[in-house]
Asks: 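I'd like to ask you about the structure that follows.
This chain uses plain numbering: 1 for the first residue, then up along the sequence.
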Amino acid sequence: MNPSATEPQVELSLIAPCYNEELNLREFTRRALLALAVDGLRTELVLIDDGSKDGTARVIRELMQEHPGRIVGLFHTKNRGIAGGWRTGVDGAHGKYVAIIDSDLQYQPEDVVRLYRTLIDHAVDVVQGWRSAVGRERGARYNISRAYNTMLNGVFGMNLRDNKSGFICCSREVMADLLTYSGKYYYWQSFVMVAAHAKGYSYKEVETLFEPRRQGVSFLDGTTTKASLRSLYDITRAAIEYRVKAQPRDLVDQFLRSHQVDAPQAPSPAAHPARWRALMTTFHRSHAPLTREAAQTYESLNKTQWLSTAALRELQDEKLRRLIRHAYRHVPYYRQRMQLNNLRPEDIRGQEDLAKLPLLSKEDVRRNLYFDITADNLPRAEIHRISSSGCTGEPFVCFADRRQLEFRWASALRAREWAGYRLGDASVRLWNQALGSSTSERRREQREAFMVNRKLIGAFELTDANLDQTIQSITEAEPALLEGYTEVLDFLAQYIAGSVGNLAHRPKALLTSSQTLTERTRHAIEAAFGAPVFDCYTSRELGGIAYECDAHRGYHVVAEGYIVEILVDGRPANPGETGELVITDLNNYAMPFIRYQIGDLATAGEATPCVCGRGAPRIAAIQGRMPSIIHGTDGHYVPGTFFAHVLKDYEYAIRHFQVVQHEPGMIELCVVKAGRYSSEVMETVQTTIRQHLGEKLRIDVRFVDHIEAVRKHKHVASQSLIPVDFRNKKPRAAS
């Protein structure tokens with residue numbers, strides 16, 4: 001049942017199962033309708049006759065006629081129990097939020113409004129009304145209830161005042177999820193908060209009055225012993241379902257339980273089992289701050305890649321809803337922006353609702369970095385600083401949590417496997433020598449390289465004198481996979497084509513990143529190294545966003561972690577259209593990136609599934625940063641990416657920079673000063689640059705007020721106007 005498009009949205013549905021409540025219903029309805037009218041919300045009362053033997057069904061029909069549009073009546077032909085009534089009520093409700101209550105007037109209908117207000121004010125997932133001791137009878141049933149509460153708290157690791165209370169308020173979707181239990185119970189309604197706890201929902205308790213029953217007979221009357229024995233049976237079943245066979249807290253693993261997929265064994269553990277076990281044993285040391293949970297994420301990703309496009313979208317939408325709820329509750333920046341736009345978390349149901357949210361710019365992040373854009377509920381040890389200049393020339397700082405970093409590791413390994421690589425195969429990475437990293441970080445990088453059989457070759461130490469040695473080092477490693485910056489591999493490819501010829505050993509595949517891979521560059525690299533190129537689209541602040549598979553028909557979005565929008569004048573691009581890339585990171589709860597303008601352009605891919613069989617959506621092409629090799633003195637070269645690594649940790653002193661080279665042996669460095677600029681910082685920067693490009697390098701520093709963007713949100717950080725041509729002669733160093 002859904003309201004028509006012309007009807008105003010029902011905000012709150014009060015759901016009340018009724019079993020033999022003929023004498024209570026009219027008074028209950030009168031008080032409930034009065035209570036629900038207090039805040040002027042559009043509300044409804046959902047009454048479910050649960051196979052009553054008295055006149056309950058008749059009274060409900062009469063009330064529906066007396067209060068058209070305010071009461072929904074639903075009817076069971078036989079008794080299904082309280083939980084069954086809840087299910088029927090949730091299915092028939094129209095509200096964004098639901099509250100469940102008994103119709104016998106022991107819980108007070110007036111307290112529903114308090115529960116709803118608490119839910120809104122505190123932005124938790126579930127609010128429970130616990131039964132106050134004020135005015136409550138202290139007989140045998142009270143004592144049994146208290147004892148049972150103690151058992152529930154102990155068995156399920158909780159600390160609620162009234163765990164078994166079924167008086168709760170939450171969003172309709174959360175209630176529907178809580179009701180998806182699998183065991184057979186006598187009184188499952190006693191475990192609604194256990195389910196909320198087990199499924200990772202946040203909750204808050206509110207004290208409510210609880211009156212003795214005045215009319216009618218409780219289904220427990222006269223069956224105290226029998227009910228107690230059944231409750232003990234139920235708690236055993238619940239312990240199995242919610243503790244022994246508990247759903248994993250990770251949403252992807254939960255999703256896979258209900259979406260079976262025929263996935264082959266994870267490739268890397270199968271190919272090198274001993275090396276895999278050794279790596280996992282020491283993972284927390286070689287990959288700190290990551291934990292072994294990264295391996296579980298990798299196993300899940302090995303399965304989710306084979307989900308259908310529709311199933312992956314369903315997973316994305318559920319992750320998006322949870323991210324939005326978290327951001328609203330715990331990130332003041334997003335809560336304020338949503339409130340300004342009259343939005344609640346429940347207004348964002350899926351990707352079709354993303355357009356309701358404002359875009360997030362890099363400047364928004366900078367302005368709010370130390371104010372209110374980080375979550376207030378995560379341990380500081382779980383949050384890690386990330387600094388970058390990328391291709392824009394603007395030093396950029398953000399934060400990511402441990403789980404997001406583990407997801408990055410797992411998805412990157414999966415992408416390498418698409419190229420035929422298996423963790424443990426010999427590989428070579430042209431790396432940045434961890435420029436700007438601490439000694440411990442460099443040691444971890446080297447320790448990881450040893451564990452996974454990877455050779456590291458410096459990408460910022462290229463000279464005329466060592467180019468042959470670099471090629472020889474790559475050849476001697478006999479890598480299955482060679483990975484590096486696109487501009488570096490292009491540079492080496494031109495050197496091979498002009499000076500080396502055929503390689504003694506050819507890798508199975510190459511992985512390029514960081515710069516735009518043009519068709520010319522792809523063909524040059526593949527021809528020189530004799531292996532296919534697998535390109536990827538990554539960013540420092542988000543990680544690996546999209547990768548090529550072996551079909552080479554566009555870039556598969558890592559859909560389990562990102563929602564990618566390509567916008568043309570604010571609307572979604574059609575296949576083949578080029579527009580602005582806007583990305584939502586579904587995993588970073590420390591600093592959510594929701595509708596983030598990353599600054600690149602992309603061409604929308606085909607809507608049809610890829611021939612490889614993976615269901616992730618595809619990007620046809622990406623226009624990011626063009627490759628650029630800077631020529632130094634004494635035969636030194638560095639990729640343009642070098643400057644981003646040199647300057648990424650100086651965001652406090654250098655607001656923006658740009659490097660342009662018109663001739664070998666000199667560069668023009670344009671600088672926009674930040675608030676804490678000093679001449680000492682600039683001296684340090686120039687010293688580092690000359691260490692890699694030669695002591696004789698001329699650096700012309702120009703201080704400017706701003707640097708022009710080449711397109712909206714995008715600047716060129718480094719640009720060389722000098723061609724590389726090893727067929728004629730090597731670039732001559734400036735004297």
Side-chain angles (χ1 to χ4, degrees), residues 1-3 10-21 25 28 32 43-53 56-57 60-61 64 71-104 107 112 115-116 119 125-129 163-201 203 218-220 230-231 234-235 237-238 241-242 245 247 254-255 257-258 314 318 321 346 349:
M1 298 175 63
N2 293 310
V10 173
E11 184 75 4
L12 175 64
S13 298
L14 178 58
I15 297 171
C18 311
Y19 180 69
N20 294 340
E21 298 292 356
L25 262 175
F28 171 79
T43 59
E44 65 182 7
L45 176 59
V46 182
L47 301 174
I48 306 99
D49 173 48
D50 193 23
S52 299
K53 295 179 172 57
T56 297
I60 291 176
R61 290 188 174 94
M64 291 171 64
I71 294 180
V72 175
L74 303 170
F75 304 91
H76 292 167
T77 56
K78 62 179 181 179
N79 184 267
R80 300 183 190 175
I82 293 176
W86 290 348
R87 280 177 167 163
T88 299
V90 170
D91 290 342
H94 302 93
K96 290 191 294 183
Y97 303 93
V98 297
I100 56 176
I101 188 173
D102 296 341
S103 57
D104 57 12
Y107 293 111
V112 171
L115 267 59
Y116 171 76
L119 186 76
D125 292 316
V126 180
V127 173
Q128 182 204 39
N163 203 315
K164 66 187 292 290
S165 169
F167 188 18
I168 70 171
C169 184
C170 59
S171 72
R172 186 172 52 177
E173 69 179 33
V174 169
M175 191 64 210
D177 184 35
L178 296 180
L179 289 167
T180 56
Y181 56 90
S182 58
K184 293 183 178 180
Y185 298 85
Y186 289 105
Y187 314 122
W188 181 86
Q189 63 269 20
S190 298
F191 303 102
V192 62
M193 292 306 296
V194 167
H197 180 76
K199 295 187 176 188
Y201 289 114
Y203 47 83
S218 169
F219 74 96
L220 293 175
R230 286 180 170 180
S231 295
D234 280 351
I235 203 170
R237 292 299 304 260
E241 178 164 359
Y242 294 114
K245 296 181 179 180
Q247 281 196 355
Q254 292 180 26
F255 190 84
R257 286 196 174 189
S258 58
E314 184 182 343
E318 178 56 34
R321 288 190 288 270
E346 290 71 25
R349 307 295 306 147

Asks: Please round to the nearest 0.5 Å and tell me the distance separating atom CD1 of I71 and atom CD1 of I60.
Replies: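 If we round to the nearest 0.5 Å, I71:CD1 and I60:CD1 are 9.0 Å apart.
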
Asks: Do you know which two heavy atoms are closest between V46 and S13, and how far apart they sit?
Replies: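 V46 and S13 have their closest heavy atoms at CG2-CB, 4.3 Å.
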
Asks: Mind checking what makes salt bridge (charged side-chain N to carboxylate O under 4.0 Å, His left out) contact with R80, not counting sequence neighbours?
Replies: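 If we apply the salt bridge (charged side-chain N to carboxylate O under 4.0 Å, His left out) test to R80, skipping adjacent residues, there are no hits.
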
Asks: For a quick test of reading the model, state the closest non-hydrogen atom pair linking C18 to L25 and the distance between them.
Replies: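 Heavy atoms only, the tightest pair is SG-CD2, 3.8 Å.
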
Asks: Return the minimal non-hydrogen interatomic distance between A195 and L178, and the atom names on each side.
Replies: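 So the minimum-distance heavy-atom pair works out to C-CD2, 3.9 Å.
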
Asks: What are the two closest non-hydrogen atoms of V98 and S171, and how far apart are they?
Replies: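 Result for this residue pair: CG2-O, 4.2 Å.
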
Asks: Treating N20 as the side-chain partner and S52 as the backbone partner, does any N or O pair qualify as donor plus acceptor under 3.5 Å?
Replies: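 No: the side chain of N20 does not pair with the backbone of S52.
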
Asks: If you measure from OG1 on T88 to CG on L74, what distance do you get to the nearest 0.5 Å?
Replies: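 Separation between the atoms: 7.0 Å.
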
Asks: What distance separates Y242 OH from H197 NE2, expressed to the nearest 0.5 Å?
Replies: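 It comes to 12.5 Å.
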
Asks: Can you find a heavy atom in the side chain of V126 that is under 4.5 Å from one in the side chain of V174?
Replies: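 They are in side-chain contact.
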
Asks: Return yes if some donor-acceptor pair links the side-chain N/O of T56 with the main-chain N/O of E21 below 3.5 Å, else return no.
Replies: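 Yes, T56 side chain to E21 backbone: donor-acceptor pair under 3.5 Å.
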
Asks: Return the CD1 to CD1 distance between I15 and I101, rounded to the nearest 0.5 Å.
Replies: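 Interatomic distance, I15 CD1 to I101 CD1, rounded to 0.5 Å: 11.5 Å.
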
Asks: Looking at residues at least two apart in the chain, or sitting in another chain, which of them share a side chain to side chain donor-acceptor pair (under 3.5 Å) with D234?
Replies: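 None.
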
Asks: Can you confirm whether or not the ring centre of F191 sits under 6.0 Å from the ring centre of Y181?
Replies: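 So the answer is no for these two rings.
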
Asks: Can you find a heavy atom in the side chain of T180 that is under 4.5 Å from one in the side chain of K199?
Replies: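 They are in contact (side-chain heavy atoms under 4.5 Å apart), so the answer is yes.
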
Asks: Would you indicate whether the side-chain heavy atoms of I235 and S190 approach each other to under 4.5 Å?
Replies: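 SC-SC contact between S190 and I235 ruled out.
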
Asks: Does some side-chain heavy atom of Y97 sit less than 4.5 Å from a side-chain heavy atom of E346?
Replies: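 The answer is yes; the side chains approach within 4.5 Å.
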
Asks: Taking R349 first and then E173, would you say they form a salt bridge - that is, a charged N and a carboxylate O separated by under 4.0 Å?
Replies: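 Looking at E173 together with R349, the answer is yes, because their closest N to O distance falls below 4.0 Å.
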
Asks: Are M175 and R172 packed together at the side-chain level, in the sense that at least one heavy-atom pair is separated by less than 4.5 angstrom?
Replies: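 Answer no - side chains too far apart.
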
Asks: Does S165 offer a backbone N or O that forms a donor-acceptor pair with the side chain of Q128 under 3.5 Å?
Replies: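 The answer is yes, because a donor-acceptor pair under 3.5 Å joins these two groups.
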
Asks: Using only atom types and a distance under 3.5 Å, with no angle test, would you say the side chain of E44 pairs donor to acceptor with the backbone of H94?
Replies: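 Confirmed, E44 side chain pairs with H94 backbone.
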
Asks: Counting distance only, does the side-chain N/O of S103 pair as donor-acceptor with the main-chain N or O of P17 below 3.5 Å?
Replies: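 Yes; at least one donor-acceptor contact below 3.5 Å.
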
Asks: For W188 and W86, take the angle between the two ring planes, folded into 0 to 90°, and tell me which bin it lands in: parallel under 30, tilted 30 to 60, perpendicular over 60.
Replies: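 The rings of W188 and W86 stand perpendicular, inter-plane angle above 60°.
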
Asks: Using the six-membered ring of Y186, assess whether NZ or CZ of R237 lies under 6.0 Å from its centre and within 45 degrees of the ring axis.
Replies: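 Verdict for Y186: no cation-pi partner in R237.
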
Asks: How many angstroms lie between CD1 in I168 and CD1 in I100, if you round to the nearest 0.5 Å?
Replies: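 Atom-to-atom, I168:CD1 and I100:CD1 are 4.0 Å apart.
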
Asks: Would you say E11 and Y116 make side-chain contact, with heavy atoms under 4.5 Å?
Replies: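 In short, these two side chains touch, coming nearer than 4.5 Å.
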
Asks: Closer than 3.5 angstrom, by distance alone: can the side chain of D50 be matched with the main-chain N or O of N79 as a donor-acceptor pair?
Replies: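 Not at all, since once roles are kept as given, no pair shorter than 3.5 Å links the two residues.
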
Asks: Of all the heavy-atom pairs spanning D102 and F28, show the shortest one and how long it is.
Replies: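 Closest heavy-atom pair between D102 and F28: O-CE1, 3.7 Å.
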
Asks: Does F255 form a side chain to side chain contact (heavy atoms under 4.5 Å, CB included) with E318? I'd like the steps, not just the answer.
Replies: CA-CA 9 Å; F255 190 84; E318 178 56 34; 5.7 Å; no

Asks: Excluding sequence neighbours, so at least two apart, what forms side chain to side chain donor-acceptor pair (under 3.5 Å) with N163?
Replies: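 Residues passing side chain to side chain donor-acceptor pair (under 3.5 Å) with N163: N153.
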
Asks: Side-chain contact, heavy-atom cut-off 4.5 Å: V112 with L12?
Replies: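 V112 vs L12: side chains touch.
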
Asks: Please examine the side chains of Y201 and D177, heavy atoms only from C-beta on, and report whether any two atoms are closer than 4.5 Å.
Replies: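 Side chain of D177 against side chain of Y201, heavy atoms only: contact under 4.5 Å found.
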
Asks: For a quick test of reading the model, state the closest non-hydrogen atom pair linking G51 to Y19 and the distance between them.
Replies: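 Scanning both residues completely, I find the closest heavy atoms to be O-CE1, 3.7 Å.
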
